[in-house]
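This structure is a prediction, so every number in the text was calculated from the model and none was measured.
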Amino acid sequence: MLPSDAKIISVDDHVIEHSRVWLDRLPSKYQDVAPRIERAEDGNDWWIYEGQQAGNFALNAVAGKDPKEFGLDPRSFDDMLPGCYRIEDRIKDMDREGVWAQLCFPNMAGFAGTVFAKSKDLELGRLCVQAYNDFIIDEWCAYDPARQIPLVMVPWWDVEATVKEIYRTAEKGAKSFTFVELPHRLGLPSWHTDHWDPVLAAAQETDMTISLHFGSGGSPDVSPEGGTKNFTVAISLFGLNSMSALAELLLSPVFHKFPKLKIALSEGGIGWIPYMLERIDYVWERHRWYNDVNREVRPSDLFRKHIFGCFISDRHGIESRHAIGVDNIMFESDYPHSDSNWPNTRELLAQALADVPDDEARKMVELNARRVYNFPDEAAVAA
């Protein structure tokens, strides 16, 4: 069961950036094209970037609302909890739902900064990434460092700039960076090439976990109805991206070249992992002899050393925790997105873990996250 003194750590939450994040940090010559909030005539707020609408909040800021109020319609800052965008209120919301610490992904630019990758001026895009990272480290996480795990973006369209940003932010205290889960779907080299080796080497040297949030590497194929009128299909299939990333990575040279690398499959769920590991191992056993794949190390063994999944509500995954590996499972609350159970997170998590031994539950809700993200409990260390 969930120990009463467990400090729950969520490894996938989201920050709704306030309106001054980029205006306060970019050089003055970029003020006219910097990301900014403009209120439309209908009263909804839009991000404007390089003179064009670049997104709205919709399902990304619905914590505390009845699901009957959900929808893809635009929203405004007035129509969301202050904890979405103000760190002092976020801490209060965390206290209310019983979550001790969070790792937050960006919002305006997408889970891995895809909006900036499509910039007309890629140098501006790089500076926007850097400005966001300074905000998340120096403002958001600095407010209470024991309660926020610094996750940053990188300008992944430029490998050299990405490596520089990894080292720069690691020096400032970053613990992880978000990255596209399936780069080949975006027209970039795949995990099977050596294109990303400098990035992977930097991640390994700085001990920064790479966080691959579902949906950051292209959306799964859905019918026209599933992608528009019936968004339930697309949402239901997002975990397929994590499954694809798992297969790509385990059957690539990545972990053989970088034996200390850690990768988190963020918001991908865990119930599917036992089958995928079984299937990948089966395929590897039968087809390794004529394919360009390592023939000595079983893929499932690589998984348990290098890859970590997380769950929100996943009964099958919890029941299959030993097939997955208790040490490879973490928890997420997804605040303030539509999967979030705020403010009932701790209560529902306790129910889900009712039949799980205390030591295993503590690993999944706290200790694994501390290890994977190099985020020690300062109070425990001091004691």
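- Counting only distance, with no hydrogens or angles, the side chain of S340 and the backbone of P336 share no donor-acceptor pair below 3.5 Å.
- Between atom CG of residue L151 and atom OG1 of residue T209 there is a gap of 9.5 Å, rounded to the nearest 0.5 Å.
- A salt bridge links R298 with E285: the distance from a Lys NZ or Arg NE/NH1/NH2 to an Asp or Glu carboxylate oxygen falls below 4.0 Å.
- E278 CD: 12 or fewer foreign heavy atoms inside a 6.0 Å radius.
- You'll find the side chain of H184 stays beyond 4.5 Å of the side chain of T193, heavy atoms only.
- Of the possible polar contacts, none joining the S211 side chain to the A264 backbone as a donor-acceptor pair under 3.5 Å is found.
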Fill in: E267 vs F105, side-chain contact (heavy atoms from CB on, under 4.5 Å): CA-CA, chis, key distance, verdict
CA-CA 11 Å; E267 203 170 343; F105 284 82; over 6 Å; no

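- Residue Y167 qualifies as enclosed at atom OH: its count of foreign heavy atoms under 6.0 Å is above 12.
- Between I37 and F77 there is a side-chain heavy-atom pair separated by less than 4.5 Å.
- Counting non-hydrogen atoms of other residues, nucleotides and ligands closer than 6.0 Å to CD of E69 gives a total above 12.
- Few gaps surround CZ on F70; more than 12 heavy atoms of other groups in view lie less than 6.0 Å from it.
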Quick one: do K7 and D377 satisfy salt bridge (charged side-chain N to carboxylate O under 4.0 Å, His left out)? Show the steps, please. CA-CA 9 Å; K7 294 181 176 179; D377 185 344; 3.3 Å; yes

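- For the atom pair S19 OG and E17 CD, the distance stands at 11.0 Å (nearest 0.5 Å).
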Exercise. Dump the intermediate steps for salt bridge (charged side-chain N to carboxylate O under 4.0 Å, His left out) on K257 and D197, then the final yes or no.
Key: CA-CA 9 Å; K257 290 192 286 186; D197 283 6; 2.8 Å; yes

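- Remark: R295 CZ is packed, more than 12 non-hydrogen atoms of other residues, nucleotides or ligands lying under 6.0 Å away.
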Could you check D281 against S300 for side-chain hydrogen bond (donor to acceptor under 3.5 Å, both in side chains), going step by step and ending with a plain yes or no? CA-CA 7 Å; D281 275 356; S300 59; 2.6 Å; yes

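- Between the side chain of N294 and the main chain of V297, a donor-acceptor pair closer than 3.5 Å is present.
- How far CG of D327 is from CE of M364: 10.5 Å, rounded to the nearest 0.5 Å.
- If you check the side chains of S119 and Y49, you find a donor sitting under 3.5 Å from an acceptor.
- Side-chain atoms of N368 come within 3.5 Å of backbone N or O of V326 as a donor-acceptor pair.
- Counting only heavy atoms from C-beta outward, the side chains of L26 and L124 approach each other to under 4.5 Å.
- Here the side chains of V62 and H337 are not in contact, with every heavy-atom distance at 4.5 Å or above.
- Taking the side chain as every heavy atom from C-beta outward, N107 and V15 never approach each other to under 4.5 Å.
- When ring centroids are compared, W22 and W47 come within the 6.0 Å threshold.
- Atom CG of L349 sits about 5.5 Å away from atom CZ of F311, to the nearest 0.5 Å.
- For D78, the CG atom counts as densely surrounded, since its 6.0 Å shell holds more than 12 non-hydrogen atoms of other residues, nucleotides or ligands.
- No salt bridge links D207 with K175; every basic N to acidic carboxylate O contact stays at or beyond 4.0 Å.
- In summary, the aromatic rings of F179 and H213 are positioned with their centroids too far apart to meet the 6.0 Å limit.
- Taking a cutoff of 4.0 Å between a charged side-chain nitrogen and a carboxylate oxygen, R147 and D95 qualify as a salt bridge.
- Using a 4.5 Å heavy-atom cutoff, the side chains of M153 and F116 are in contact.
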Give the C-alpha distance, both sets of side-chain angles, the deciding distance and a yes or no for side-chain hydrogen bond (donor to acceptor under 3.5 Å, both in side chains) between E248 and H192. CA-CA 8 Å; E248 295 280 353; H192 297 266; 2.8 Å; yes

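- Checked against the 6.0 Å centroid threshold, H306 and F303 do not count as a close aromatic pair.
- A distance-only check finds no donor-acceptor pair linking the side chain of R25 to the backbone of Q130 [under 3.5 Å].
- Geometrically, R39 does not engage W46 in a cation-pi contact defined by less than 6.0 Å to the ring centre and at most 45° from the axis.
- When only modelled atom types and interatomic distance are considered, N60 and H14 share no side-chain donor-acceptor pair under 3.5 Å.
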For T345 and Y335: C-alpha separation, side-chain torsions, deciding distance, then whether side-chain hydrogen bond (donor to acceptor under 3.5 Å, both in side chains) applies. CA-CA 10 Å; T345 300; Y335 178 105; over 6 Å; no

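- If you take CG on L265 and CG on L212, they are separated by 6.0 Å, rounding to the nearest 0.5 Å.
- With no hydrogens or angles considered, a side-chain donor-acceptor pair links R185 and N241 at under 3.5 Å.
- Between the side chain of N344 and the backbone N or O of E347, no donor-acceptor pair lies under 3.5 Å.
- A donor and an acceptor atom, one from each side chain of R90 and Q102, are located under 3.5 Å apart.
- Between the side chains of N341 and S313, no donor N or O sits under 3.5 Å from an acceptor N or O.
- The pair K92-E88 does not count as a salt bridge, with every side-chain nitrogen at least 4.0 angstrom from each carboxylate oxygen.
- The backbone N or O of R20 lies less than 3.5 Å from a partner atom in the side chain of H18, making a donor-acceptor pair.
- Counting heavy atoms of neighbouring residues, nucleotides and ligands inside a 6.0 Å radius, atom NZ of K118 does not exceed 12 of them.
- Side chains of S190 and P183 form no contact here, defined as non-hydrogen atoms less than 4.5 Å apart.
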- Might you work through the side-chain hydrogen bond (donor to acceptor under 3.5 Å, both in side chains) test for E360 and H322, ending with a clear yes or no? CA-CA 10 Å; E360 295 182 1; H322 295 130; 2.9 Å; yes

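- Separation of atoms CG (L353) and CZ (R362) is listed at 12.0 Å; rounding is to 0.5 Å.
- Within the 3.5 Å criterion, the main-chain N or O of E165 finds a donor-acceptor partner in the side chain of T169.
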- L261 and I210: side-chain contact (heavy atoms from CB on, under 4.5 Å), yes or no, with the steps? CA-CA 8 Å; L261 194 67; I210 303 176; 4.1 Å; yes

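- Using the six-membered ring where Trp is involved, F214 and F111 have ring planes that are perpendicular, over 60° apart on the 30 and 60° scheme.
- Without hydrogens or angle criteria, H195 side chain to P189 main chain gives no donor-acceptor distance under 3.5 Å.
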Run R75 and D45 through salt bridge (charged side-chain N to carboxylate O under 4.0 Å, His left out) and show every step you take.
CA-CA 6 Å; R75 295 181 182 273; D45 293 325; over 6 Å; no

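- The shortest side-chain heavy-atom distance between R304 and L277 falls under the 4.5 Å cut-off.
- Side-chain atoms of E181 come within 3.5 Å of backbone atoms of G215 as a donor-acceptor pair (strictly under, hydrogens ignored).
- Under a 4.0 Å N-O distance rule, the pair R321/D314 does not qualify as a salt bridge.
- By the 6.0 Å contact criterion, CG on D5 is enclosed, its count of non-hydrogen atoms from other residues, nucleotides or ligands being greater than 12.
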